[in-house]
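A quick write-up on the structure given underneath.
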There are 2 protein chains.
Amino acid sequence: MELSDIQTFAAVARTGGITRAAEELNTVQSNVTQRVKALEAEIGTPLFERHSRGMTLTGAGKRLLPYAQRMAALSREAVLAARDDGEPKGPLAIGSMETTAAVRLPPLLADFHRRFPAVRLSLRTATTADLVAGVLEGTLDGAFVAGPIAHADLTATSAFREELVLVSAQRWSSLAELRAGTPESGPTALVFRTGCTYRQRLEQVFVEFGWPSAARFELGTLDGMIGCVAADMGVTLLPRTVVERSAMNGSVSIHPLSTSHARVETLFIQRSAGHQYSALQGFAACLKTDDDVIAA
Amino acid sequence: MELSDIQTFAAVARTGGITRAAEELNTVQSNVTQRVKALEAEIGTPLFERHSRGMTLTGAGKRLLPYAQRMAALSREAVLAARDDGEPKGPLAIGSMETTAAVRLPPLLADFHRRFPAVRLSLRTATTADLVAGVLEGTLDGAFVAGPIAHADLTATSAFREELVLVSAQRWSSLAELRAGTPESGPTALVFRTGCTYRQRLEQVFVEFGWPSAARFELGTLDGMIGCVAADMGVTLLPRTVVERSAMNGSVSIHPLSTSHARVETLFIQRSAGHQYSALQGFAACLKTDDDVIAA
DNA sequence: GACTAGCATTCTCGAAAAATGAATTGTTGC
DNA sequence: GCAACAATTCATTTTTCGAGAATGCTAGTC
């Protein structure tokens with residue numbers, strides 16, 4: 001049993017079909033079929049049920065899958081651990097929420113790059129849910145997500161505390177005015193795609209304001225969001241710092257919320273198990289010193 | 001990076017040489033050289049220091065080794081887990097101390113085989129230290145060892161309670177007589193090889209009796225040990241049940257010890273992490289019922 | 001009920017990778 | 001300096017792997 005077989009198996013399990021797995025692995029179907037068959041022969045039991053619309057895992061396949069994932073993750077970590085001589089260097093994949101990336105990260109990344117120029121840092125922005133998944137499966141080394149997070153395989157350290165505020169167009173100078181001036185069902189909610197924690201918060205706030213069925217408008221970028229708010233397309237929920245440092249700051253109104261809704265903690269998460277990757281350690285160290293500055 | 005490369009690497013690390021590793025892997029040196037070189041090229045750093053008497057791990061190699069071992073163990077477990085449909089069957093490797101194997105295991109194994117005839121059980125006897133290592137590295141599925149054991153990756157359940165007794169030749173009818181009749185430095189201690197817990201206990205007892213520098217005589221088998229005691233070559237420490245059921249029971253004297261020295265618990269250990277292997281579960285179930293009988 | 005689309009499997013051929021065995025280099029101990 | 005041992009290099013054979021075309025199977029559609 002070779003690792004490539006295991007990865008082929010995992011790809012088929014994930015995509016649910018030989019054809020799709022082949023595409024993902026940059027190869028042809030016949031190849032994938034053969035690898036899967038070889039694996040089944042070696043283990044001595046079928047791993048998939050074949051039907052016209054693809055393949056689904058058998059019991060044996062389901063039992064094998066977690067091992068396959070752990071082995072794949074281990075092999076990635078192994079290489080990093082071997083290469084890692086204690087000096088932070090090499091690739092480091094960090095994930096972040098869009099809002100954190102916009103305001104909090106620039107000074108932090110600058111500091112990190114100054115201290116550890118040998119690290120090739122890459123930054124991916126996504127929703128909290130996607131980021132957690134990314135860290136767990138090993139495609140990200142660490143990520144900034146909205147707390148709270150409780151997962152046995154993740155270590156979380158508090159990175160930033162944010163105050164979430166409701167943002168509307170300039171013309172609504174207070175929450176009361178906004179509530180009076182919008183239709184019964186409430187203003188349009190400008191939200192990020194599903195998986196974003198701030199979106200969940202906004203849903204809660206809307207329910208409390210009596211706007212459970214207000215219209216939703218989904219946007220992909222932070223700038224687009226603030227721009228739409230300024231144009232009075234609707235309202236949204238964002239960290240105060242994000243709005244204040246935005247170029248559109250003058251064109252929007254900020255409405256504070258009660259502490260229970262407003263307080264949100266940004267956590268830095270990393271996998272708890274395994275070797276401490278030096279580049280990641282260096283990053284965490286930067287975060288620590290920065291954090292102290294913020295706390296002071 | 002393939003699993004076979006990892007296993008080649010581990011074999012070289014363990015044996016300390018290409019030639020010996022090649023022999024172990026049933027291949028030729030040149031092959032091993034190439035696999036190791038390929039692995040080093042892939043990781044981008046040397047894993048071994050070459051010198052005239054073989055190879056030793058570099059820092060990178062040392063960091064890689066634990067990953068290699070875990071990956072090898074995982075791949076073994078993965079196959080078992082996939083094959084395991086809940087019905088106990090297939091191979092099951094159990095380890096045991098020699099003494100436990102002699103007295104406690106025969107009825108247990110008979111019971112197990114009656115209930116789960118499809119399991120191909122293999123038994124290896126070794127010292128507690130070796131058995132713990134064997135279970136941790138995955139060459140054993142479970143083992144009977146002398147307690148106490150505390151290791152995060154092991155789960156231990158109490159299997160038997162033994163009373164350790166000092167055993168001497170027939171002619172010494174009491175401990176007092178033995179102490180009077182032997183030279184100042186004490187009788188010869190008949191011991192198993194290093195790693196045996198009973199040996200450590202015997203050392204403690206000898207220190208307390210004022211015989212810290214008594215002669216040691218190392219033996220490999222239980223029968224040899226009792227035979228030597230009967231022939232008055234020295235004394236040893238064994239569970240009471242072992243001596244009583246031995247064929248030489250009539251030719252030796254049993255001397256009870258204080259509770260602190262006498263009490264020893266035999267634990268059944270297995271890896272805590274990962275899939276519950278059905279055959280092992282079945283074995284643990286047998287142990288449980290048997291244990292109840294003994295306790296009654 | 002034939003037709004079609006989608007998907008997995010089978011087969012063959014060529015390329016790449018791994019294993020082999022012999023020759024080579026280098027070190028150590030006598 | 002020679003014998004013994006160990007790793008590397010190289011040419012050769014063997015095995016495995018991947019691409020591509022053809023085949024077979026199933027379900028949904030007209």
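Just so it is clear: chains get the letters A, B, ... in the order the sequence lines come, proteins before strands, and each one is counted from 1. Heavy atoms only: backbone and side chains are in, while hydrogens, waters and symmetry mates are out.
When the P atom of dC7(C) is taken as reference, atom CD of E49(A) falls 18 Å away, rounded to whole Å. Atom CD1 of I18(B) and atom C1' of dT20(C) are 15 Å apart (whole Å). One can place CG of L47(A) at 16 Å from C1' of dA8(C), the figure rounded to the nearest angstrom. Distance CG (N26(B)) to C1' (dA18(C)): 16 Å, rounded to an integer number of Å. The nearest whole Å value for the distance from the CZ atom in R35(A) to the P atom in dT9(C) is 14 Å. Summarising the geometry, the separation between CG on L25(B) and P on dT20(C) is reported as 11 Å, rounded to the nearest angstrom. Computed from coordinates, the E42(B) CD to dA18(C) P distance equals 10 Å when rounded to whole Å. Rounded to whole Å, atom P of dA18(C) lies 15 Å from atom CD of Q7(B).
In this pair, F283(B) and F112(B) present their aromatic rings perpendicular. The plane angle is above 60°, beyond the 30 to 60° band.
The shortest distance between the side-chain N/O atoms of R20(A) and the OP1/OP2 oxygens of dC7(C) is below 4.0 Å. In terms of phosphate contacts, N31(A) brings no side-chain nitrogen or oxygen within less than 4.0 Å of OP1 or OP2 of dC17(D). Taking side-chain N and O atoms only, R50(B) has no distance below 4.0 Å to OP1 or OP2 of dA6(D). For T33(B) and dA7(D), the shortest distance from a side-chain N or O to OP1 or OP2 is not below 4.0 Å.
Here the nucleotide nearest the side chain of M55(A), chosen from dG18(D), dG21(C), dT9(C), is dT9(C). Minimum atom distance to the side chain of T27(B) is reached by dA19(C), of the listed dA7(D), dT9(C), dA19(C). Of all nucleotides listed (dT10(C), dC17(D), dA8(C)), dT10(C) comes nearest to the side chain of K37(A).
A salt bridge links E203(B) with R199(B); the closest basic N to acidic carboxylate O contact falls under 4.0 Å. The pair E40(A)-R50(A) meets the salt-bridge criterion, with a side-chain N (NZ, NE, NH1 or NH2) lying under 4.0 Å from an Asp/Glu carboxylate O. With respect to E42(A) and R83(B), no salt bridge is recorded, no charged nitrogen being found less than 4.0 Å from a carboxylate O.
Between the side chain of R63(B) and the main chain of A81(A), a donor-acceptor pair closer than 3.5 Å is present.
Each of S4(A) and Q29(A) has a nearest nucleotide on DNA chain D; the 5'-most of these lies closest to S4(A).
In the interface, the side chain of S30(B) is paired with the base of dG21(C) through a donor and an acceptor atom under 3.5 Å apart.
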